[in-house]
Novice: 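Input: one structure, supplied below.
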Amino acid sequence: MSRSCIAALCTWFEREQRDLPWRRQRSGYTALVAEAMSQQTQVVRVIKQYEAFIAQLPDVYALAAADEEAVLRLWNGLGYYRRARNLHAAAKRVVQDYHGEVPLEAEHLRGLPGVGPYTAGSIASIVGGAREPIVDANVLRVLQRWDADSGEVSDKQTIDRCWSRAKELVLQAKQPGVFNEALMELGATICTPRSPKCKVCPVARYCQAHKQGRQNEIPPVRKASQTPTEYHHAVVLHRRGAVYVDQRDASGLWAGLWQPPTIEAPRKLRPSSFCNRLPMRIERPQLRSEFEFKTSSRRVIFRVYTGVTRIRSGRWQQIDALDALPLSSAHQKVLQIGLQEIGMVRR
DNA sequence: AATTCGGGGAC
DNA sequence: GTCCCAGAATT
């Protein structure tokens with residue numbers, strides 16, 4: 001009975017699938033890059049950055065040989081920057097241990113940094129044709145609805161049930177990779193978190209949630225956690241067409257990325273207090289602007305200053321070469337505000 | 001078993 | 001405004 005459902009889903013996928021760049025050229029390497037970028041990130045946001053990444057680093061040797069800074073820069077704005085470092089390390093290991101060929105067996109893939117059960121199963125099945133199950137956020141939702149499983153999405157038992165189900169199903173599929181990708185595609189385009197489009201779903205007649213009219217209740221909505229507010233005071237220092245930047249801690253938020261000198265505090269600091277905490281002397285500090293930046297677990301108020309300093313040591317980055325710097329989305333905005341105030345128009 | 005890690009799409 | 005996303009690693 002699930003055979004016909006699997007077939008219907010795969011037929012729909014072959015007909016309706018989105019045109020994604022990593023579907024045009026399949027290889028272990030392109031899949032590895034695409035999967036790393038796509039973790040916890042909506043696919044539409046990945047496309048442009050994936051293309052830039054592949055254009056710059058077209059094969060695993062290019063990536064393995066690249067500077068970490070060059071790799072991180074290609075991740076600018078994407079978030080979860082550890083993924084970039086893991087991908088870089090994975091490429092080095094592929095060159096070292098696998099003669100430059102990304103392994104296509106799940107067990108080997110699983111040994112690469114940044115490759116967990118989902119990513120290993122995805123590459124092994126879609127590129128390698130292996131009969132490996134996968135469960136990402138899309139598949140989880142689709143399978144919960146198929147079985148009218150109203151468990152919490154974060155509950156380990158719910159996740160385990162879906163992995164078991166995915167395994168059962170992929171064992172019956174004619175083409176495991178096509179089936180896996182079709183499940184994800186259905187979740188991304190039809191079986192969406194809210195207001196699923198059951199009217200145009202190719203497998204609605206196999207869906208228990210739909211049969212019971214409970215597709216809007218499954219899975220249950222997650223309860224939002226509250227995010228404490230913190231204040232990041234940053235000063236954009238300029239001299240001779242360059243700005244001063246320093247590197248963030250190797251762990252924590254935006255680990256190892258670059259930024260204008262910043263003091264983080266639980267509360268708003270007065271300008272004098274802020275300047276006193278900085279390692280360099282600031283002349284004519286001016287508060288220019290303030291904006292809110294939200295991540296999933298933090299609410300950060302950025303207070304952007306401009307100022308002048310005499311120090312020469314440290315890293316002075318030319319303004320027209322700021323794109324070469326690994327920068328978070330928040331710090332790109334800080335720099336944009338600071339430079340605009342200074343009159344160094346940027347974009 | 002919980003927490004951490006980003007940032008914007010979509011509603 | 002809210003919820004969520006082609007998850008994995010760390011604590």
Side-chain angles (χ1 to χ4, degrees), chain A residues 13 17-18 20-23 30-50 72 75-87 89-90 109-127 133-142 152-157 159-160 162-163 166 177 180-189 191-197 216 219-227 248-257 291-300 326-333:
Chain A
F13 177 69
Q17 63 176 289
R18 293 169 291 180
L20 302 177
W22 48 89
R23 287 178 176 165
T30 56
L32 191 63
V33 173
E35 293 295 348
M37 283 193 166
S38 300
Q39 287 166 6
Q40 285 294 289
T41 306
Q42 294 177 347
V43 160
V44 287
R45 268 192 70 206
V46 172
I47 295 173
K48 286 221 162 169
Q49 242 158 317
Y50 167 86
L72 279 170
W75 221 265
N76 276 3
L78 255 193
Y80 287 166
Y81 298 93
R82 185 170 57 185
R83 297 180 296 172
R85 291 195 173 86
N86 281 337
L87 177 61
L109 283 161
R110 191 69 182 73
L112 299 175
V115 177
Y118 159 75
T119 302
S122 180
I123 298 174
S125 64
I126 296 172
V127 183
I134 57 168
V135 175
D136 72 336
N138 290 311
V139 176
L140 190 72
R141 183 174 57 253
V142 169
E152 300 277 343
V153 294
S154 58
D155 184 359
K156 188 182 186 309
Q157 298 193 39
I159 296 169
D160 287 346
C162 286
W163 273 96
N180 281 343
E181 215 173 3
L183 263 184
M184 290 193 286
E185 188 84 353
L186 189 74
T189 61
C191 197
T192 48
R194 282 172 293 186
S195 307
K197 304 171 181 63
N216 289 311
V221 180
R222 275 185 285 209
K223 45 212 171 237
S225 57
Q226 55 177 358
T227 58
R248 294 180 57 85
D249 281 356
S251 65
L253 186 66
W254 300 313
L257 271 58
F291 68 93
E292 175 182 304
F293 190 88
K294 284 185 168 178
T295 75
S296 47
S297 61
R298 297 167 192 244
R299 173 171 178 262
V300 182
L327 289 171
S328 75
S329 190
H331 295 109
Q332 290 180 50
K333 185 164 179 177

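Fair warning: this is a prediction, and the values are worked out from it, not measured in the lab. Numbered from 1 within each chain, the chains take letters A, B, ... in sequence-line order.
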Novice: Less than 3.5 Å between a donor and an acceptor, one on the side chain of A/Arg45 and one on the base of B/dG7, is that the case here?
Specialist: yes
Novice: Donor-acceptor check, side chain of A/Arg110 to backbone of A/Val115, threshold 3.5 angstrom: yes or no?
Specialist: yes
Novice: Using OP1 and OP2 only, check whether a side-chain N or O of A/Thr192 sits under 4.0 Å from B/dA10.
Specialist: no
Novice: Of all residues at least two apart in sequence or in a different chain, which pass the side chain to side chain contact (heavy atoms under 4.5 Å, CB included) check with A/Ser328?
Specialist: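 Once residues adjacent in sequence are excluded, the partners of A/Ser328 under the side chain to side chain contact (heavy atoms under 4.5 Å, CB included) criterion are A/Tyr81, A/Trp254, A/Leu257, A/Ala330, A/His331.
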Novice: If only atom types and distance count, is the side chain of A/Ser38 paired as donor or acceptor with the main-chain N or O of A/Thr41 below 3.5 Å?
Specialist: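 Not at all, since once roles are kept as given, no pair shorter than 3.5 Å links the two residues.
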Novice: On the nucleotide B/dG7, are OP1 or OP2 found under 4.0 Å from the side-chain N or O atoms that A/Trp254 carries?
Specialist: yes
Novice: Considering only atom P, compute the distance from B/dT4 to C/dA6 and round it to an integer number of Å.
Specialist: 24 Å
Novice: Can you tell me how far P of B/dT4 sits from CG of A/Asp249, to the nearest Å?
Specialist: 16 Å
Novice: Measure from NZ or CZ of A/Lys333 to the centre of the six-membered ring of A/Phe293, then state whether that distance is under 6.0 Å and the direction lies within 45° of the axis.
Specialist: no
Novice: Search all heavy atoms of A/Ala120 against all heavy atoms of A/Leu109 and return the closest pair with its distance.
Specialist: O-CD1, 3.5 Å
Novice: Taking 5' to 3' order, which nucleotide of DNA chain C is first and which is last to have an atom within less than 4.0 Å of a heavy atom in chain A?
Specialist: C/dC3 to C/dT10
Novice: Using atom P of each nucleotide, how far apart are C/dA8 and B/dG8 to the nearest Å?
Specialist: 23 Å
Novice: With a 3.5 Å cut-off and just heavy-atom distances, do the side chain of A/Thr41 and the base of B/dG6 make a donor-acceptor pair?
Specialist: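 Indeed, a donor on one side and an acceptor on the other fall under 3.5 Å apart.
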Novice: Which residues pass the side chain to side chain contact (heavy atoms under 4.5 Å, CB included) test with A/Ala188, not counting sequence neighbours?
Specialist: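 Applying side chain to side chain contact (heavy atoms under 4.5 Å, CB included) to A/Ala188 gives A/Arg18, A/Asn138.
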Novice: In whole angstrom, give the distance that lies between atom CZ of A/Arg85 and atom P of B/dC5.
Specialist: 13 Å
